[in-house]
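A quick note: this is a predicted structure, and the numbers were derived from the prediction, not measured. Counting starts at 1 for both ligands and their atoms, in listed order.
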Amino acid sequence: RPKLPQYNTIDDAVRLLRESRNIIVLTGAGISTSLGIPDFRSKDTGLYSKLEHLGLSDPQEVFDISVFRENPKIFFSIAKDILPTEKKWSPTHGFIRLLQDKGKLLTNYTQNIDNIEANAGVLPEKIVQCHGSFATATCVKCQFKVTGDEIFGEIKKGNVPECTACQKRIAEESLKSQGLKRKRSSNGQQKDRKISDDSSDEDYEIPTPGVMKPDITFFGEDLPDEFGERLVHQDREKADLVIVIGTSLKVAPVAEVPGILPRNVPQIYISRTPVSHTDFDIDLLGDCDVVVSELCRRAGWDLKHHMIPDD
Ligand code: OAD
């Protein structure tokens with residue numbers, strides 16, 4: 001994507017912010033690190049640098065759907081560390097909220113699963129959670145859905161949360177089959193047999209409940225339909241500015257977003273680390289909270305106001 005020559009400096013960025021009406025903000029883990037939540041790929045501090053003990057050939061496998069299906073314990077051994085915490089948010093989340101309040105936010109495409117945009121008051125209809133979230137979880141066996149907080153207790157203990165619908169079904173089926181056996185025993189056969197003692201049940205597999213998988217998008221899973229639909233059929237034509245914040249843009253298909261937007265739409269990149277595989281019109285490298293605060297200062301916008309809780 002060739003650069004647009006008219007945009008270079010931070011003041012060009014400020015002008016674009018002021019003039020734009022339909023801004024796409026694409027965010028990654030870097031916007032939450034100031035809250036103590038690690039990103040993924042930063043050397044020494046990122047989550048992936050801390051997973052050696054799991055013995056995976058690539059730490060990203062912790063979010064790989066086939067690894068999860070084989071051994072969910074691996075994911076749940078670290079899940080407690082990435083659970084959404086209290087109702088806090090960073091100045092960068094406040095900045096996204098400010099764009100919304102100014103009627104300029106078209107969509108915040110977030111790769112983050114921490115749900116913190118909502119804490120800052122960004123409206124659900126303004127957010128696409130490209131990689132899902134912990135807000136809900138689904139049973140891998142029977143697709144039973146629960147809200148995330150129903151399994152947070154188990155996750156916090158480092159346990160693998162099991163499906164209560166499966167548990168109920170298994171208990172009912174076991175009661176039914178025990179009923180049948182009791183009938184048989186009252187016919188003068190065997191009394192109080194356990195399933196495992198029963199030679200006729202040799203091939204019988206003890207039913208186990210399904211595992212509840214938080215509805216975050218693992219490697220090998222499709223992104224929520226809303227991502228492609230909204231981007232291609234709605235936002236692509238409307239967007240007049242793209243701001244990418246705190247993401248290494250290493251994970252497709254989100255990494256492809258800047259490339260599929262029309263060339264005449266200016267793109268700003270705000271992050272600590274530059275990316276080499278995509279050319280942005282303006283790179284504002286540094287701590288994103290500092291950068292957005294400076295942008296607001298120069299635009300004459302009050303970011304502080306957007307850091308105060310609504311209630
Ligand atoms: P990464 O860890 O790959 O990138 C975070 C980026 O933010 C890096 O460029 C950091 O330098 C930068 N950064 C960190 N803290 C910052 C700060 N305070 N100010 C400015 N920049 C900062 O995280 P993502 O790009 O979000 O997917 O990762 C994308 C996906 O990879 C995640 O959604 C996750 C992961 O595997 C799944 O789990 C499916």
N/O of V251 under 3.5 Å from N/O of ligand 1, yes or no?
->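 The answer is no, given that V251 and ligand 1 share no N or O pair closer than 3.5 Å.
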Ignoring angles and geometry beyond distance, decide whether S34 reaches within less than 3.5 Å of ligand 1 through its nitrogen or oxygen atoms.
-> no
Taking [atom] as the reference point, the nearest protein heavy atom with its distance:
atom                    : answer
atom 29 (C) of ligand 1 : Q111 OE1, 3.3 Å
atom 25 (O) of ligand 1 : T247 OG1, 2.6 Å
atom 32 (C) of ligand 1 : F40 CE1, 3.5 Å
atom 13 (N) of ligand 1 : G30 CA, 3.6 Å
atom 11 (O) of ligand 1 : T273 OG1, 2.5 Å
atom 12 (C) of ligand 1 : S271 OG, 3.3 Å
atom 39 (C) of ligand 1 : T217 O, 2.9 Å
atom 14 (C) of ligand 1 : D39 OD2, 3.3 Å

Which option out of H131, R272, K250, K43 puts a heavy atom nearest to atom 27 (O) of ligand 1?
->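 Nearest heavy atom to atom 27 (O) of ligand 1 lies in H131.
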Going by heavy-atom distance to atom 15 (N) of ligand 1, choose the closest among V290, T33, L35.
-> T33
If you measure from each heavy atom of S90 to ligand 1, is any distance below 4.0 Å?
-> no
Does ligand 1 have any atom sitting under 4.0 Å from a heavy atom of F218?
->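 Checking ligand 1 against F218, which is what was asked, there is no heavy-atom contact under 4.0 Å.
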Give a yes-or-no answer on whether the side chains of Q111 and T27 include a donor-acceptor pair shorter than 3.5 Å.
->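 The criterion, which ignores hydrogens and geometry beyond distance, is not satisfied for T27 and Q111.
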Can a donor-acceptor pair be found between the side chains of K213 and T138 at a distance below 3.5 Å?
->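 Distance-only check fails for K213 and T138.
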Near [X], which atoms of ligand 1 are under 4.0 Å from a heavy atom of that residue?
X    : answer
G246 : 5 (C), 6 (C), 7 (O)
A29  : 23 (O), 24 (P), 26 (O)
G286 : 19 (N), 20 (C)

Linked, directly or transitively: F134 and L35 (ILVMFWY side chains, under 4.5 Å) |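 No; tracing contacts between hydrophobic side chains, which count when under 4.5 Å, never links both residues.
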Can you hop from L303 to L17 via hydrophobic side chains spaced under 4.5 Å?
-> yes
Ligand 1 versus I216: contacting region, heavy-atom distance under 4.0 Å =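 Under 4.0 Å from ligand 1, I216 contributes no heavy atoms.
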In terms of ring plane angle, is the pair F280 and Y269 parallel, tilted or perpendicular, where the classes change at 30° and 60°?
-> parallel
Identify the heavy atoms of S49 and T45 that sit nearest to each other, and give their distance.
-> OG-N, 3.8 Å
Does the distance from a Lys or Arg side-chain N to an Asp or Glu carboxylate O, for K50 and D44, drop under 4.0 Å?
-> no
